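All values below come from the heavy atoms of this structure, side chains included, with hydrogens, waters and symmetry mates left out. The model shown is predicted, which means the values in this text are computed figures rather than measured ones. The chains referred to below are lettered A, B, ... by the order of the sequence lines, with proteins before strands, and numbering in each begins at 1.
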Number of protein chains: 2
Amino acid sequence: MALGKDYTGQDCSLSRGLELLGERWTLLVVQNALYGVRRFNDFQVRLDIPKAVLSDRLTRLTEGGVLEKRRYQPSPPRYEYLLTAAGVELWPVIYSLSVWSHRNIGGEPPRLFRHAACGSGLLPSSDCPECGRIEPGEVEMYPGPGPKRDDPVSRAMNRPRRLLEPVVPE
Amino acid sequence: MALGKDYTGQDCSLSRGLELLGERWTLLVVQNALYGVRRFNDFQVRLDIPKAVLSDRLTRLTEGGVLEKRRYQPSPPRYEYLLTAAGVELWPVIYSLSVWSHRNIGGEPPRLFRHAACGSGLLPSSDCPECGRIEPGEVEMYPGPGPKRDDPVSRAMNRPRRLLEPVVPE
DNA sequence: CAGGGTGGGTTCAATGAACGAACCGAGGTA
DNA sequence: TACCTCGGTTCGTTCATTGAACCCACCCTG
């Protein structure tokens with residue numbers, strides 16, 4: 001973790017995970033990648049994060065194997081950051097922490113999730129209560145009662161859609 | 001989050017959770033509380049964390065309803081920090097992030113976990129593959145192949161034991 | 001009753017991130 | 001020619017972390 005020093009001396013897997021994921025903003029970047037955000041500018045607009053910090057987080061997540069940077073058009077050169085398989089596996093972690101926060105801190109969720117195939121809401125583990133374990137691509141997100149940000153990226157994200165489906169602002 | 005500023009402007013539950021749990025060291029404190037660490041000095045010895053930071057994190061977790069501070073003897077006054085019900089609910093989050101880290105970053109785990117009643121290893125969700133959802137108190141931890149710290153608290157923690165069972169060093 | 005040990009902290013100077021505004025360069029577009 | 005967008009980098013200020021030193025109430029020992 002670039003915060004001060006690393007967690008050397010800790011003996012658990014968790015500390016190694018936190019070196020990569022535990023910095024400020026990092027998990028929110030991954031969450032938005034799961035929601036379909038892919039481009040530098042879209043992350044920046046949606047998160048209101050200093051560009052230098054976003055640049056650092058995207059680089060570290062790419063080096064850490066969570067994201068993959070890809071040029072999606074040759075000219076002018078434009079890039080997108082896609083979740084790797086390892087990155088997609090963070091969905092249960094992020095979802096269960098969101099559920100914990102909603103239950104134990106409060107606030108209305110701006111987005112809800114259900115199994116697209118059967119319509120059931122998800123368990124805190126991100127499993128479907130009817131069908132058991134499901135992949136993020138089978139999860140549909142749709143607007144909930146909570147407040148939403150009002151920027152082009154957030155507006156595009158609030159239309160009902162699958163996880164990982166690319167966000168297209170405007 | 002005391003890191004710079006808070007995540008005001010974010011619209012998701014996750015950002016509220018990260019304000020409480022997302023700072024450096026915080027999730028490691030909760031993890032050790034699940035492993036049975038309860039006292040200021042024991043956290044400090046086991047984590048090698050600056051005392052000022054530990055003090056801050058314990059205070060914030062207490063204010064946030066994750067820990068409860070209790071005097072366990074009147075004279076000399078001595079305190080312990082116990083997980084609340086909300087704190088115990090963080091076990092699946094912490095376990096699933098540990099499993100992710102082990103799988104995607106590597107390293108040998110110093111501690112393993114199984115359902116005490118049936119002996120099965122846990123799923124990444126912290127459920128038992130045989131029995132389904134289980135409580136942290138039903139989970140037994142025992143030494144794994146990975147390296148272990150060598151301090152009195154860590155040694156006491158490496159004896160096979162239930163989650164939440166108080167650590168007694170010496 | 002003086003001296004030392006323990007638990008649970010606080011204080012402080014130095015270091016290192018985060019912030020936000022400004023800037024930049026390549027490639028469109030009017 | 002001038003301006004816009006995307007994807008950044010640079011830089012001075014602010015804020016958190018670090019580690020060493022200190023503190024105090026209470027116990028124990030000689």
Participant: Whole angstroms only, please: what is the OH-C1' distance between A:Tyr79 and D:dG7?
Facilitator: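 Whole-Å distance recorded here is 8 Å.
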Participant: Taking atom P of C:dT6 as reference, at what distance in whole Å does atom CD of B:Gln73 sit?
Facilitator: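 That distance rounds to 15 Å.
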Participant: What's the closest nucleotide to the A:Arg24 side chain, out of C:dC19, D:dT18, D:dG7?
Facilitator: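 The listed nucleotide nearest to A:Arg24's side chain is C:dC19.
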Participant: From the list C:dG20, D:dG8, C:dG27, which nucleotide is the closest neighbour of the side chain of A:Pro50?
Facilitator: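 Taking heavy atoms from C-beta onward, the closest nucleotide is C:dG20.
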Participant: Rounding to an integer number of Å, can you tell me how far B:Tyr81 OH sits from C:dG7 P?
Facilitator: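 The answer, rounded to whole Å, is 14 Å.
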Participant: B:Glu108 versus B:Pro145: any side-chain heavy-atom pair under 4.5 Å?
Facilitator: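 With C-beta onward as the side chain, the pair touches.
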Participant: CG of B:Leu47 versus C1' of D:dT18: gap in Å, rounded?
Facilitator: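 For the pair B:Leu47 CG and D:dT18 C1', the rounded distance is 15 Å.
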Participant: When we call it a touch if two heavy atoms are under 4.0 Å apart, what does A:Arg71 touch: a base, just sugar-phosphate, or nothing?
Facilitator: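 No contact at all - A:Arg71 keeps every heavy atom at 4.0 Å or more from the nucleic acid.
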Participant: Can you confirm whether the side chains of A:Tyr72 and A:Arg38 place a donor and an acceptor under 3.5 Å from each other?
Facilitator: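 Result is no, nothing qualifies.
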Participant: Could you tell me whether the phosphate oxygens of D:dC23, OP1 or OP2, come under 4.0 Å of any side-chain nitrogen or oxygen in B:Lys51?
Facilitator: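 Looking at the OP1 and OP2 atoms of D:dC23, neither is under 4.0 Å from any side-chain N or O of B:Lys51.
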Participant: Compare side-chain N and O positions of A:Arg78 against OP1 and OP2 of D:dT5 and report whether any pair is under 4.0 Å apart.
Facilitator: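 Answer no for this pair, as no side-chain N or O of A:Arg78 is under 4.0 Å from OP1 or OP2.
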Participant: For B:Trp25 and D:dT17, what is the distance between atoms CH2 and P respectively, to the nearest whole Å?
Facilitator: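 In whole Å, D:dT17 P lies 11 Å from B:Trp25 CH2.
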Participant: Let me know the distance between CG of B:Asp56 and C1' of C:dT10, rounded to the nearest Å.
Facilitator: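 My rounded result for the distance is 13 Å.
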Participant: Should B:Pro92 and A:Ser96 count as side-chain neighbours, where that means a heavy-atom distance under 4.5 Å?
Facilitator: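 Not in contact.
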Participant: Here's a test of your reading of the structure: between A:Asp48 and B:Ser55, which maps to the more 5' nucleotide of DNA chain C?
Facilitator: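 Its nucleotide being nearer the 5' end, the pick is B:Ser55.
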Participant: Do the side chains of B:Leu83 and B:Leu54 join up, straight or via other hydrophobic residues, at under 4.5 Å, putting them in one cluster?
Facilitator: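 Yes, same cluster.
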Participant: Could you walk me through whether B:Glu80 and B:Arg39 pass salt bridge (Lys or Arg N to Asp or Glu O under 4.0 Å), step by step?
Facilitator: CA-CA 5 Å; B:Glu80 59 185 3; B:Arg39 292 157 63 160; over 6 Å; no
Participant: A:Arg46 CZ to D:dG7 C1': how many Å, rounded?
Facilitator: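 After rounding, the gap between these two atoms is 20 Å.
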Participant: Check the phosphate of C:dG7 against B:Tyr72, side-chain N and O only, distance under 4.0 Å to OP1 or OP2. Yes or no?
Facilitator: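 For B:Tyr72, the contact criterion (side-chain N or O under 4.0 Å from OP1 or OP2 of C:dG7) is not met.
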Participant: Between atom CD1 in B:Ile49 and atom C1' in D:dG19, what is the gap in whole Å?
Facilitator: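 Going from CD1 in B:Ile49 over to C1' in D:dG19 covers 13 Å.
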Participant: OP1 or OP2 of C:dA26 versus the side-chain N and O atoms of A:Ser75: is any pair under 4.0 Å?
Facilitator: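 For A:Ser75, the contact criterion (side-chain N or O under 4.0 Å from OP1 or OP2 of C:dA26) is not met.
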Participant: Measure from the side-chain heavy atoms of B:Ala52 and tell me the nearest of D:dG19, C:dA18, D:dG8.
Facilitator: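 The closest nucleotide is D:dG19.
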Participant: Mind checking A:Phe43 for me? I need base, sugar-phosphate or nothing, with any heavy atom below 4.0 Å counting as a touch.
Facilitator: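 Nothing, no heavy atom under 4.0 Å.
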Participant: May I ask you to verify if any side-chain N or O of B:Asn41 is less than 4.0 angstrom from the OP1 or OP2 atom of C:dG8?
Facilitator: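 Checking C:dG8 against B:Asn41, no side-chain N or O comes under 4.0 Å of OP1 or OP2.
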Participant: Select from B:Arg39 and A:Pro77 the residue whose nearest nucleotide in DNA chain C is closer to the 5' end of that strand.
Facilitator: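 With B:Arg39 and A:Pro77 compared, the 5'-side residue is B:Arg39.
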